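Note that the numbering runs from 1 along the sequence shown for the chain. Computed from a predicted model, the values in this text were never measured in an experiment.
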Amino acid sequence: MTPSSPEDNLRLTVPSRGEQVAGWATQVIGGPTGRYAAVGRRGISYAVTVLSALASVMVALGVGQKTYCVKNGWSAPDSLWRACYSDVAVGLNVEGGPWARGGPGENQPVLTAILHWVLRKVVPSGSGLSAQQYYFAICAVVVALLVAATVIATAHLLRGTPWLAAHVALSPVLITASLISLDMFGVALATFGFLFWVRERPALAGIALGAATMARSYPLVIVAAIALVALRDRRSEALARMLGAGTVTAVACLAVAYLAGGDPFTVYRNWNAAGPGYGSPWFLLTLLKVDVDPSAATWLAVFGWLLALLVGAYLVRRPAHLTPLAPLALTMLVIVCVTGKSFPVQQALWILPFLALTAFRWREHLVWAGVEIVTFVITMLFIATRTGGVKGVAWQTYLIFVVTRLVAWVSVAWVGWESAEELQDHHDPESAAEADRQLVADLAHGNFSTGGDDSEIVGGPA
């Protein structure tokens with residue numbers, strides 16, 4: 001670690017003046033912050049308010065991107081040719097509970113299935129276009145609120161640099177990915193769980209993360225990263241409280257499903273029985289005429305989780321100041337995503353908070369987002385082609401873009417470590433200088449101590 005430079009400090013505290021890309025982007029809302037502006041005087045609430053409002057604009061642009069489907073419906077293959085398909089608007093069923101036949105419980109975890117069911121209860125009876133439009137509009141409002149909640153949690157994780165939460169609020173992938181599903185529900189819960197852990201509220205962290213795992217499975221990776229860092233830092237008591245609260249929350253959610261007459265494990269059995277899905281490297285093998293049956297795909301996905309744990313365990317053995325929690329969780333999450341049974345385009349939403357928490361540069365963010373958006377379009381066209389259309393995208397083209405996307409995700413994890421170090425140095429320059437001297441001494445004497453509490457994103461407890 002080396003003390004941050006004035007340029008790094010400016011990039012982190014006033015992005016519009018410290019990053020050329022951010023400066024250009026602010027031209028549409030008044031231009032970069034002035035040289036003599038009183039930066040930080042308005043506090044974090046001002047940044048959160050502005051970013052939340054701008055996030056709603058991004059979600060509105062996502063609605064605009066799906067205008068054709070809003071007007072004409074989400075039937076295939078037209079919704080695919082127009083790249084406006086959305087899971088939230090198809091299969092509308094307001095009869096029965098979440099686990100009724102054809103209900104959301106068949107392909108959604110417990111809390112997401114319940115959220116779908118609750119929102120559908122608001123929709124007028126029927127399953128025609130008007131009902132789809134009504135439901136899609138409600139979901140768009142809910143997603144905008146969930147993005148705003150994620151922005152709030154992310155900004156509070158970044159004390160002194162709240163504008164970095166713009167990586168959540170203003171990411172271009174919100175336009176294409178935010179309204180495909182209700183993944184933002186799990187993202188928001190997981191981000192608050194991360195916040196509670198950093199603020200030394202392990203019980204609340206366990207509740208939020210336990211609920212997040214009942215909305216999507218990916219928060220389990222975040223829990224694993226927290227556990228590895230907590231064990232390294234000898235915070236076993238706090239870890240036990242978090243895991244206990246999380247377990248109780250998950251069991252309570254499963255019990256609610258059973259009491260409602262449903263089987264909350266149906267979604268996991270369906271996942272186990274499914275073959276490789278779009279975006280997955282294992283699906284690419286099937287395009288190359290390599291048979292990958294559902295059982296093999298399941299074991300490959302499980303191997304990805306084990307690989308993430310092994311990589312995480314290896315990384316936390318390094319000196320503590322070199323392995324902060326945010327880039328560790330990002331790396332483990334990327335490994336799980338790129339080795340999964342499927343790799344849908346909406347998974348991009350899960351790493352947005354970590355782009356902020358690792359102080360990603362906007363140049364790299366936009367390159368990654370560009371790959372995501374192009375792959376989104378190519379994926380829609382490729383799926384439409386497989387429906388028997390005479391136009392579309394050849395499997396070779398699809399393969400190239402999926403491989404490019406996989407490389408882009410691995411690059412995000414790699415770059416995140418460097419930018420996270422700049423953020424650490426910015427918040428604690430004296431410790432950065434001392435850590436730099438200590439590292440040199442450790443290298444000289446072969447001593448690599450992993451002691452000390454470095455489980456927080458920056459600095460000490462809030």
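- In this structure the side chain of F196 never reaches within 4.5 angstrom of the side chain of L209, judged on heavy atoms.
- With sequence neighbours left out, the side chain to side chain contact (heavy atoms under 4.5 Å, CB included) criterion links A308 to M332, I335, V336.
- Using a 4.5 Å heavy-atom threshold, the side chains of V142 and F185 count as separate.
- Of all the heavy atoms in L179 and G62, the pair that sits closest is CD1-C, 3.8 Å.
- In this structure W74 satisfies the side-chain hydrogen bond (donor to acceptor under 3.5 Å, both in side chains) test with no other residue, sequence neighbours excluded.
- No donor-acceptor pair under 3.5 Å is formed between the side chain of Q347 and the backbone N or O of V338.
- Taking the side chain to side chain contact (heavy atoms under 4.5 Å, CB included) definition, one finds that S236 meets it with nothing, sequence neighbours left out.
- Panel note: side chain S342, backbone P344; no donor-acceptor pair is recorded below 3.5 Å.
- Around atom OH of Y278, more than 12 heavy atoms belonging to other residues, nucleotides or ligands sit under 6.0 Å away.
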Candidate pair W368 and F360, rule ring-ring contact (aromatic ring centres under 6.0 Å, His included), full reasoning:
CA-CA 11 Å; W368 166 76; F360 228 66; 8.0 Å; no

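- The two residues L352 and S171 have their closest heavy-atom pair at CD2-OG, 3.4 Å.
- Once rounded to the nearest 0.5 Å, the distance linking CG of D78 with OH of Y85 reads 14.0 Å.
- Aromatic ring pairs are classed by plane angle as parallel below 30°, tilted from 30° to 60° and perpendicular above 60°; the pair W362 and H365 is parallel.
- Heavy atoms of other residues, nucleotides or ligands lying less than 6.0 angstrom from CD of Q396 number more than 12.
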As a quick check of understanding, evaluate side-chain contact (heavy atoms from CB on, under 4.5 Å) for L288 and L399, giving each step before the final call.
CA-CA 9 Å; L288 297 172; L399 185 149; 3.9 Å; yes

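- Remark: the backbone N or O of S295 is paired with a side-chain donor or acceptor of D293 at under 3.5 angstrom.
- Side chain of R199 to main chain of H156: a donor-acceptor pair is present (N/O by atom type, distance under 3.5 Å, no hydrogens or angles).
- For the pair T191/F354, no side-chain contact is recorded, criterion being any heavy-atom separation below 4.5 Å from C-beta on.
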Step by step, work out the side-chain hydrogen bond (donor to acceptor under 3.5 Å, both in side chains) result for D183 and S181.
CA-CA 6 Å; D183 271 52; S181 65; 2.7 Å; yes

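- Minimum heavy-atom separation, V63 to A140: CG2-CB, 3.9 Å.
- Side-chain contact between I222 and L333 is absent, with no heavy atoms from C-beta onward closer than 4.5 Å.
- Proximity of a side-chain donor or acceptor of S280 to a complementary backbone N or O of G277 within less than 3.5 Å is not detected.
- The side-chain hydrogen bond (donor to acceptor under 3.5 Å, both in side chains) test applied to T331 returns W417, not counting sequence neighbours.
- Rounded to the nearest 0.5 Å, atoms NE2 (H167) and CZ (R361) are 10.0 Å apart.
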Evaluate the side-chain contact (heavy atoms from CB on, under 4.5 Å) criterion for residues D87 and Q346: first the C-alpha distance (whole Å), next the side-chain angles of each, then the deciding distance (0.1 Å), finally the verdict.
CA-CA 11 Å; D87 287 337; Q346 62 265 33; 4.1 Å; yes

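- Under the 4.5 Å side-chain criterion, counting only non-hydrogen atoms from C-beta, F283 is in contact with Y398.
- Nearest heavy-atom pair, A144 versus V59, reported as atom, atom and distance to 0.1 Å: CA-CG2, 4.0 Å.
- Using a 4.5 Å heavy-atom cutoff, the side chains of L406 and F343 are in contact.
- Here the CD atom belonging to Q108 is positioned 7.5 Å from the CG atom belonging to L182, to the nearest 0.5 angstrom.
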Quick one: do Y135 and V122 satisfy side-chain contact (heavy atoms from CB on, under 4.5 Å)? Show the steps, please.
CA-CA 8 Å; Y135 183 66; V122 183; over 6 Å; no

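- Looking at residues two or more places apart in sequence or on another chain, you find a side chain to side chain contact (heavy atoms under 4.5 Å, CB included) between Y268 and P109, M214, S217, F265.
- Counting heavy atoms from C-beta outward, P162 and V48 have side chains that stay 4.5 Å or more apart.
- Distance check, rounded to the nearest 0.5 Å: SG of C139 to NE2 of H116 gives 6.5 Å.
- The distance from the CZ atom of F401 to the OG1 atom of T379 is 10.0 Å, given to the nearest 0.5 Å.
- Every residue meeting the side chain to side chain contact (heavy atoms under 4.5 Å, CB included) condition with W271, not counting sequence neighbours, appears here in chain and number order: T298, A301, K341.
- Across V143 and M184, no two heavy atoms sit closer than the pair CG1-CG, 4.2 Å.
- Nearest heavy-atom pair across P202 and A238 is CB-O, 3.3 Å.
- With values rounded to the nearest 0.5 angstrom, R241 atom CZ is found 9.5 Å from R201 atom CZ.
- By the 4.5 Å heavy-atom criterion applied to side chains, V402 and F382 are not counted as neighbours.
- Crowding of F303 atom CZ: a count of heavy atoms from other residues, nucleotides or ligands under 6.0 Å not exceeding 12.
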Walk me through it: do Y218 and T213 pass the test side-chain contact (heavy atoms from CB on, under 4.5 Å)?
CA-CA 7 Å; Y218 306 116; T213 60; over 6 Å; no

